[in-house]
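By convention here, the first residue in the shown sequence is residue 1.
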Amino acid sequence: MRGLAAAAVDADADTFLNYPKPPAFTGRAASVLMLFGEGHRGPDLLLLRRADTLGSHPGQVAFPGGAADPEDSGPVGTALREAFEETGVLAEGVRPVALLPELHVPVSGFLVTPVLAHWRTPVPVAPVDPGETAAVARIPVAHLADPANRFRVSHPSGYTGPAFSAPGMLVWGFTAGLVSGLLRLGGWERPWDATDVRDLDSALRAT
């Protein structure tokens with residue numbers, strides 16, 4: 001974790017995403033919590049799957065997070081509040097480590113600040129509101145770094161990007177870009193077959 005935090009200081013948006021923020025763009029502020037815990041298989045990341053009934057990004061896997069509220073104490077406050085509301089993570093058990101570069105998400109129009117954090121006192125987690133969150137899971141970093149679980153997905157719209165398979169989940173899009181960057185920064189990345197490109201809809205049905 002110490003090495004990842006040090007590397008994060010010099011990271012830029014290109015470490016995670018391949019689409020730049022327009023020069024004069026002023027989107028709505030948001031934050032996500034990239035929470036590292038220590039599980040039975042070593043370091044893990046907390047991820048959730050959004051409810052299929054949501055109007056925005058239904059069924060997608062994401063880090064806990066969301067739009068900033070006026071009463072939030074900056075990006076860290078937003079990330080911790082959202083994590084509690086979505087998964088039951090308690091703020092007092094989380095140690096924020098670093099803020100990563102603000103990232104522009106064209107689909108939603110948000111400017112997202114990823115908050116890197118250490119889960120020093122884990123608690124049981126689960127969907128707090130099933131109407132918002134369908135599932136919550138702690139995914140080992142070793143699983144995400146395993147070349148057998150990494151590939152790319154494509155869509156007829158022209159989108160092609162990284163993806164990870166996890167138990168009952170397909171991590172793709174914005175979240176997969178963040179995970180890819182974390183693996184590189186943390187020194188966990190292993191050689192994998194970037195020519196393995198799968199149809200997104202087929203990959204989703206296979207989860």
> Should N149 and H143 be marked as a side-chain contact (heavy atoms from CB on, under 4.5 Å) after you check the CA-CA gap, both sets of side-chain angles, and the distance that decides it?
Replying inline: CA-CA 7 Å; N149 300 321; H143 179 96; 3.3 Å; yes
>> Evaluate R81 against E86 for salt bridge (Lys or Arg N to Asp or Glu O under 4.0 Å), listing each step before the verdict.
In response: CA-CA 9 Å; R81 174 182 55 77; E86 293 174 335; over 6 Å; no
> Given V141 and D44, is the side-chain contact (heavy atoms from CB on, under 4.5 Å) satisfied, shown in steps?
Replying inline: CA-CA 5 Å; V141 171; D44 57 32; 5.6 Å; no
> Stepwise, does the side-chain contact (heavy atoms from CB on, under 4.5 Å) test hold for T113 with L100?
Replying inline: CA-CA 6 Å; T113 300; L100 298 184; over 6 Å; no
> Under the side-chain contact (heavy atoms from CB on, under 4.5 Å) criterion, do L80 and V89 qualify, and how do the steps go?
Replying inline: CA-CA 8 Å; L80 292 175; V89 166; 5.6 Å; no
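Linking Ile, Leu, Val, Met, Phe, Trp and Tyr residues whenever their side-chain heavy atoms come within less than 4.5 Å places F16 and V32 in a single cluster. Cluster membership check: L178 does not share its hydrophobic cluster with V136, using side-chain heavy-atom separations under 4.5 Å among Ile, Leu, Val, Met, Phe, Trp and Tyr. When hydrophobic clusters are built by joining Ile, Leu, Val, Met, Phe, Trp and Tyr residues whose side-chain heavy atoms come closer than 4.5 Å, directly or via intermediates, F110 is grouped together with V61. Hydrophobic clustering, with ILVMFWY side chains joined whenever heavy atoms are under 4.5 angstrom apart, keeps V197 apart from L200. Tracing side-chain contacts under 4.5 Å through hydrophobic residues (I, L, V, M, F, W, Y), one never reaches V115 starting from L111; they form parts of separate clusters.
Atoms CZ and CG, from R49 and L170 in turn, are 11.0 Å apart once rounded to the nearest 0.5 Å. Separating the CZ atom in R198 from the CZ atom in R152 is a distance of 12.5 Å, to the nearest 0.5 Å. Distance check, rounded to the nearest 0.5 Å: CZ of F164 to CG of D146 gives 11.0 Å. From E132, atom CD reaches atom CG of L48 across 8.5 Å, with rounding to the nearest 0.5 Å. Between atom CZ of residue R120 and atom CG of residue L35 there is a gap of 11.5 Å, rounded to the nearest 0.5 Å. Here the straight-line distance linking atom CD1 of I139 with atom CE of M169 works out to 5.5 Å at 0.5 Å rounding.
Here the rule is side chain to side chain contact (heavy atoms under 4.5 Å, CB included) with L116, and of L182, L99, L33 only L182 fits it. Checked options F63, W119, W188; the residue passing with F36 is W188 (criterion: ring-ring contact (aromatic ring centres under 6.0 Å, His included)).
With T87 contributing its side chain and A83 its backbone, the two residues share a donor-acceptor pair below 3.5 Å. Under the 3.5 Å distance criterion, the side-chain polar atoms of D196 are left unmatched by any main-chain donor or acceptor of D193. Using modelled atom types, no side-chain atom of S31 and backbone atom of P114 make a donor-acceptor pair closer than 3.5 Å. Here the side chain of D69 pairs no donor or acceptor atom with the backbone of E71 at under 3.5 angstrom. Using modelled atom types, no side-chain atom of Y159 and backbone atom of V153 make a donor-acceptor pair closer than 3.5 Å. Proximity of a side-chain donor or acceptor of D72 to a complementary backbone N or O of G74 within less than 3.5 Å is not detected. Formation of a donor-acceptor pair under 3.5 Å by the S180 side chain with backbone atoms of A176 is found in this model. Checked by atom type and distance alone, the side chain of T133 never pairs as donor or acceptor with a backbone atom of P127 at under 3.5 Å.
Side-chain rings of W172 and F151 stay apart, their centers remaining 6.0 Å or farther from each other.
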